[in-house]
Amino acid sequence: MFYDMNKLIEEELAVVRRMLSEIKGRADVPRGMSLYGTATTNGISYHLRYLEDNSRKCRFIGDDMSPDVIKIKQLFYNKELATRLEHNQKLLQRVEGKFLGYDAEHIDAAIGENYRDTTGLVNKNPGFMSRDEWLEEQHTSTLPSPEKNHITATGKKVRSKSEIIIHNLLTHMGIPFKNDVDINLRTESDEKIYRNADFVMPCKWGGYVILEHFGMLDKEEYLLRAMHKIRIYGMNGYTLNNRLFISSDGFDGSLNVQALREMIEKLILPKVAV
């Protein structure tokens with residue numbers, strides 16, 4: 001899965017239970033207690049209202065800085081915190097262990113052997129893009145870009161020396177990929193847009209893995225575009241170090257090819273259907 005929701009629920013329950021345990025006995029507001037503040041020329045004066053021998057009492061306890069006032073405010077804060085924690089605990093307990101994973105691995109396990117795809121032609125990420133768009137070889141980027149005057153080991157023209165290196169590394173490792181593909185995505189308002197992806201690879205659990213290389217992060221306008229692109233990817237299920245991987249040149253134009261190779265080999269290759 002992109003994430004294990006049942007595990008997240010379990011971890012959140014543990015946090016809630018620990019917090020409830022920590023404030024136990026420090027969130028019990030006596031019946032009939034309330035704090036009443038009156039504005040004065042010197043600030044706010046506080047009176048405490050409470051029950052004593054079944055009779056209502058009221059006494060002055062100080063201003064904002066009074067230890068007694070702070071103590072009462074802390075007590076009421078703890079009470080509201082405990083109320084919310086108890087509510088969340090009951091809610092989480094009702095759904096604990098009941099979340100159904102919706103990634104390809106869980107879907108395949110549930111639908112039965114006769115319905116599992118072995119051809120790679122079933123679109124296992126239908127919520128984000130159609131397989132027809134992926135299969136259309138001519139559907140490449142229409143965005144303006146630097147001239148492709150660098151040639152890879154396989155004779156393909158690319159824009160930069162960094163792309164040559166990545167292209168050659170992916171080819172050497174036997175990873176199937178497409179270069180400069182317009183991916184069909186959606187915005188916050190559900191508007192259909194395209195984003196040019198540097199390297200797109202089929203994921204073994206369905207859908208795709210994307211590697212983006214950014215070469216000019218020292219330039220503010222380029223950096224802002226890159227950040228927006230990453231955000232749109234995330235909204236469409238391509239989260240960092242899961243379905244989306246990023247590399248970049250150094251601010252001086254350098255590239256650590258060893259680190260790049262290790263990222264592809266150890267993080268990307270295990271996810272790709274080779």
Side-chain angles (χ1 to χ4, degrees), residues 1-37 46 48-52 54 67-117 122-129 185-190 203-210 227 230-246 266-268 270-271:
M1 289 181 68
F2 296 143
Y3 48 82
D4 188 340
M5 180 60 76
N6 287 318
K7 183 66 175 177
L8 293 177
I9 292 173
E10 179 185 329
E11 292 173 352
E12 182 64 20
L13 259 175
V15 171
V16 168
R17 286 166 177 155
R18 179 182 61 77
M19 293 181 69
L20 279 171
S21 176
E22 289 292 330
I23 66 171
K24 185 178 181 180
R26 295 188 287 130
D28 299 327
V29 175
R31 185 173 66 88
M33 176 182 283
S34 62
L35 193 63
Y36 179 75
Y46 289 93
L48 180 66
R49 294 173 175 174
Y50 58 99
L51 286 176
E52 186 177 286
N54 292 323
D68 286 341
V69 172
I70 299 300
K71 182 179 179 180
I72 297 300
K73 288 183 176 181
Q74 181 68 64
L75 183 62
F76 275 86
Y77 179 90
N78 291 352
K79 178 186 177 183
E80 179 61 24
L81 174 60
T83 298
R84 290 169 178 265
L85 289 172
E86 289 167 353
H87 169 84
N88 291 345
Q89 179 177 241
K90 292 177 182 178
L91 179 66
L92 292 168
Q93 286 173 336
R94 288 200 296 269
V95 299
E96 186 177 13
K98 297 179 181 179
F99 187 84
L100 297 179
Y102 51 81
D103 61 344
E105 182 180 2
H106 286 82
I107 298 298
D108 279 340
I111 61 178
E113 187 175 354
N114 289 339
Y115 303 99
R116 292 174 196 156
D117 177 56
V122 170
N123 180 9
K124 295 186 177 180
N125 198 11
F128 300 118
M129 67 183 72
L185 304 171
R186 292 190 178 276
T187 65
E188 302 97 321
S189 58
D190 203 35
C203 179
K204 64 172 59 177
W205 300 294
Y208 310 102
V209 176
I210 294 174
M227 292 172 63
I230 294 170
R231 181 170 181 269
I232 293 295
Y233 275 138
M235 291 172 50
N236 286 267
Y238 295 98
T239 52
L240 282 170
N241 299 325
N242 187 357
R243 300 288 179 122
L244 174 65
F245 295 87
I246 291 174
K266 295 179 181 179
L267 300 179
I268 295 179
K271 296 176 178 287

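On a predicted model such as this, the values are computed, not experimentally measured, just so you know. Position 1 is the first residue of the sequence; numbering continues from there.
Judged by distance alone, with hydrogens and angles left aside, the side-chain atoms of K204 form a donor-acceptor pair with the main-chain N or O of P270 at under 3.5 Å. Between the D108 side chain and the R116 main chain, no donor and acceptor come within less than 3.5 Å of each other. With T83 contributing its side chain and K79 its backbone, the two residues share a donor-acceptor pair below 3.5 Å.
Rounded to the nearest 0.5 Å, atoms CD1 (I232) and CG (L185) are 7.5 Å apart. Rounded to the nearest 0.5 angstrom, N88 CG and L20 CG are separated by 9.5 Å. Taking OH from Y46 and CD1 from I70, the interatomic distance works out to 8.0 Å, rounded to the nearest 0.5 Å. A distance of 11.0 Å separates NZ of K98 from CD of Q93, quoted to the nearest 0.5 Å. K271 contributes atom NZ, which lies 8.5 Å from atom CG of N241 (distance to the nearest 0.5 angstrom). Atom CG in L85 sits 5.5 Å away from atom CD1 in I23 (nearest 0.5 Å).
The two residues P30 and L75 have their closest heavy-atom pair at CD-CD2, 4.1 Å. Across all non-hydrogen atoms, the minimal contact from M235 to R186 is CE-O, 4.2 Å. Y238 approaches Y208 most closely through the heavy-atom pair CE2-O, 3.4 Å. Closest of all the heavy-atom pairs between C203 and V209 is CB-CG2, 3.8 Å. Of all heavy-atom pairs spanning E96 and I9, the tightest one is CA-CG2, 4.1 Å.
With a 6.0 Å radius and a threshold of 12 heavy atoms from other residues, nucleotides or ligands, E52 has its CD atom above the threshold. Environment of NZ in K73: crowded, with over 12 heavy atoms of neighbouring residues, nucleotides or ligands closer than 6.0 Å. The number of heavy atoms from other shown groups lying within 6.0 Å of CZ (R231) does not exceed 12.
In this structure, the side chains of M19 and L81 come closer than 4.5 Å at one or more pairs of heavy atoms. The shortest distance between side-chain heavy atoms of Q89 and L13 falls below 4.5 Å.
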For the pair F76 and M33, evaluate side chain to side chain contact (heavy atoms under 4.5 Å, CB included) and give the outcome as yes or no after the intermediate values.
CA-CA 10 Å; F76 275 86; M33 176 182 283; 4.3 Å; yes
Derivation and outcome, side chain to side chain contact (heavy atoms under 4.5 Å, CB included), residues I230 and M227:
CA-CA 5 Å; I230 294 170; M227 292 172 63; 5.6 Å; no
Could you walk me through whether E80 and R84 pass the salt bridge (Lys or Arg N to Asp or Glu O under 4.0 Å) check?
CA-CA 6 Å; E80 179 61 24; R84 290 169 178 265; 2.7 Å; yes
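Residues N6 and E10 have side chains that never bring a donor and an acceptor to within less than 3.5 angstrom of each other.
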